[in-house]
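Please read the structure below before turning to the comments.
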Protein chains: 2
Amino acid sequence: MSVEELLVSAPGKAILHGEHAVVHGKVALAVSLNLRTYLRLKATTTGKVSINLPNIDTFVCWDLSELQPLTQYFRGKRDEIQRVDGELVRILRKFVGATNENLDSCFNAFISNHNILPSLTVSVWSELPTGAGLGSSAAYSVCLAAALLCLSRVIPTPLKECDHTARWCQEDLELINSWAFQGETIVHGNPSGVDNAVGTWGGMLRFLAGKIIPLNRVPLLRILLTNTKVPRSTKVLVARLKDKMNKFPSIMTPVLDSVNAISCQCEKVLSEMTSQPITGEHYNILEELIDINQHHLNVMGVGHPTLDMLCRVTLAKGLHSKLTGAGGGGCAITLLRPETHSMVVQNMVQDLKDCGFDCWETSIGGPGVQQHSPLTVKQEIMEILNQY
Amino acid sequence: MSVEELLVSAPGKAILHGEHAVVHGKVALAVSLNLRTYLRLKATTTGKVSINLPNIDTFVCWDLSELQPLTQYFRGKRDEIQRVDGELVRILRKFVGATNENLDSCFNAFISNHNILPSLTVSVWSELPTGAGLGSSAAYSVCLAAALLCLSRVIPTPLKECDHTARWCQEDLELINSWAFQGETIVHGNPSGVDNAVGTWGGMLRFLAGKIIPLNRVPLLRILLTNTKVPRSTKVLVARLKDKMNKFPSIMTPVLDSVNAISCQCEKVLSEMTSQPITGEHYNILEELIDINQHHLNVMGVGHPTLDMLCRVTLAKGLHSKLTGAGGGGCAITLLRPETHSMVVQNMVQDLKDCGFDCWETSIGGPGVQQHSPLTVKQEIMEILNQY
């Protein structure tokens, strides 16, 4: 099957529990965030590689002749093409220059199974806010890896004629993930690999001591994602916790142990929710874990008064929130219960917007990277992608 | 030296760290709260024992002939009079009837070194709010024990002519404490002994697994005591934590370990503050420990939205607070720094009063039970005591 046009999407990522503690060898639970990045790849005859990223107002285009010299790297390596290595990353970083800007937008040009480069246009639209720690770059890398591996026929396009969406087999996902990880390496230098793994597999995964284990089955949970838009430096926040650990080891070590136990307890409850009828008590426990962890994150020095305010605003509607990711501002998740009425959510969103926050009603635990028929993509997104 | 009139006072108690955790075998730090209970004992020739407790609008009076039958208990026990036992407590509880009301007000009548009961008037005024977990009944018991042990010449009156205030020697304090404990037993049934120990020794004491150890030297710290006046049941709160421990042992056990470490760290810092020049960093650490513990107490389920509000109000002035005692409402302490201007405190007190709270600017770590010359007692208190 030749690939003329391909539509794929990958989810963002949120940390459900264990942010920061993971740096100190504790379990973290990362979940897919159903704010997705959509990528359309189209084979052209223009003799150009065009990348359109309207979210970040970035549009780049190379003549194939500019890119051709880079294919030297692949000479005599036809059998190894499914792997990508540090040397390739070095070459690519050099090609795009010293600055990190748009590093990832060129990544797609070098993954062809042919030494003759294809002429193509890639257009991307993401529902994710960028730079908010929600894995937007990984979702892009995952989409790009999936689309280019299909284009180069290393993996098949899984969508059958009658399908709306389709996913790849485990082996193909592993390949997508490893290429996406290289994309992340080009962008971030030294990524943990969590973001691209969530973008690839979706659902939830356990991250412990550098090891990433996708979990079998997790329920889809309604959440509200809120961006406080308070800027923060992850580095500063990580250092703040480290200082506290050094200053008060006997006080802080048990706190991280407790966070670790929260992640394990949460994993257990979510697993129960897929094997037993879901009850209100399951949600009560999830809420209690959220509250405890939010207090612990404050103890760890990575909270922020706006996050406390956010928690109060949602609690006024009976809903429980915690920061997600780096903290010190940034984003928070609020668990919505199945019975939470949409009017309650709407009112809460208004209250949060009145605080100056951005909100998205979405879900966690949804599918990872998938191929779409155009009909299954929201029309407004298709309209944006079709502009290019 | 005959005792015609005697003026004594004893402090209240606050828990600095470790409330609730102490029930689970962790260290708690109890400190004297310099809101004092004053007791004036006056020998009379009325043939009556009168007790005046204007704070709680309680005034009782017995003819000595009513009380005389109770002295049978002491027949042949002249040498053992310095101890008080369960049998005596039983007799006293029976004498005052089934209800606990005013149980403690009769306690004084039975402690004489003579089988011939003395005729006397006891008047009490306390700066402490009652029923707020601040050891008001223990401060009363301690004052009463000290005054009656002096009256009965079991211990001397320590005040010399030139003194303003004076304290007893260690051995006498132990006797005062053991009688005060019996007073507490009459009132409370099964007291921990912490409140009367703080009232007797003052300063700070470490309480661990039922063992009470007064600490050598602690600095006097300025604090604001605030009563949220939110009613709470200690029993319900203790049960709430126990339920959480049973529900999430792996999450909650480390939290109590962390609380334990906070108490130990606090004790270390306070000890340093008496052996080294006090610096701002000492206060920074005390504040950090207060914040961490307040979060832990919320995790333990013994917080309350009004306490959170209180913390926010004081933090708006840069000052740090935590609940003290049972929580779930009740009282909180706010650490005032040496450099905290009185205007800042005044404004903060106004903000807290606007929330409906009661406030007292006082100190912790001050002296335990002491005898006073009338000149050292605030005039308004002397005026109240002299009415009777």
Side-chain angles (χ1 to χ4, degrees), chain A residues 17-18 21 26-27 240-241 243-269 281-282 284-309 311-313 315-316 318 320 322, chain B residues 17-18 21 26-27 240-241 243-269 281-282 284-309 311-313 315-316 318 320 322:
Chain A
H17 289 293
K26 307 298 174 188
V27 171
R240 195 182 293 168
L241 173 56
D243 287 348
K244 274 207 167 192
M245 290 287 290
N246 289 335
K247 197 170 168 189
F248 302 127
S250 58
I251 296 170
M252 295 307 297
T253 303
V255 173
L256 296 191
D257 289 343
S258 183
V259 171
N260 192 71
I262 289 169
S263 295
C264 296
Q265 180 77 35
C266 182
E267 192 184 321
K268 188 168 157 254
V269 173
E281 183 56 18
H282 286 127
N284 294 347
I285 294 175
L286 291 178
E287 287 176 346
E288 216 170 337
L289 298 178
I290 284 172
D291 288 345
I292 296 175
N293 202 351
Q294 177 62 17
H295 281 298
H296 285 352
L297 288 159
N298 270 314
V299 166
M300 289 153 73
V302 300
H304 192 274
T306 58
L307 289 165
D308 295 337
M309 196 205 292
C311 290
R312 283 199 302 283
V313 168
L315 199 59
H320 299 247
K322 69 176 276 290
Chain B
H17 288 295
K26 307 299 175 187
V27 172
R240 195 182 293 167
L241 172 57
D243 287 349
K244 273 206 167 192
M245 290 289 289
N246 289 334
K247 198 170 169 189
F248 303 127
S250 58
I251 296 170
M252 295 307 296
T253 303
V255 173
L256 297 191
D257 289 342
S258 183
V259 170
N260 193 70
I262 288 169
S263 293
C264 297
Q265 180 77 35
C266 182
E267 192 183 322
K268 189 169 156 253
V269 173
E281 183 57 16
H282 286 127
N284 295 346
I285 293 175
L286 291 178
E287 287 175 344
E288 216 170 337
L289 298 179
I290 284 172
D291 289 345
I292 296 174
N293 201 352
Q294 177 62 18
H295 281 299
H296 285 352
L297 287 159
N298 270 314
V299 166
M300 290 152 72
V302 300
H304 192 274
T306 59
L307 289 165
D308 297 337
M309 196 205 291
C311 290
R312 284 199 302 283
V313 168
L315 199 61
H320 299 248
K322 70 176 275 291

| Minimum-distance pair of heavy atoms, taken over all atoms of B:Ala261 and A:Ser250 | CB-O, 3.3 Å

| remark: Contacts of B:Lys247 meeting salt bridge (charged side-chain N to carboxylate O under 4.0 Å, His left out) (sequence neighbours excluded), chain-then-number -> A:Glu281, A:Glu288

| query | If you tally heavy-atom pairs under 4.5 Å against chain B, which of A:Cys264, A:Pro249, A:Ser258 wins? | reply | A:Ser258

| request: Check each atom of B:Leu315 against the heavy atoms of chain A and say whether the ones under 4.5 Å are side chain, backbone, both or neither. | output: neither

| message | Quick check on A:Leu256 against chain B: is it the side chain, the backbone, both or neither that has a heavy atom closer than 4.5 Å? | response | neither

| field | Interface residue of largest heavy-atom contact number with chain A, from B:Lys244, B:Met300, B:His295, under 4.5 Å | value | B:His295

| How many angstroms lie between atom CZ of B:Phe248 and atom CD1 of A:Ile285, to the nearest 0.5 angstrom? | 5.0 Å

| task | State which residue, out of A:Ile292, A:Asn260, A:Asp257, fulfils the side-chain contact (heavy atoms from CB on, under 4.5 Å) condition with B:Ile251. | result | A:Ile292

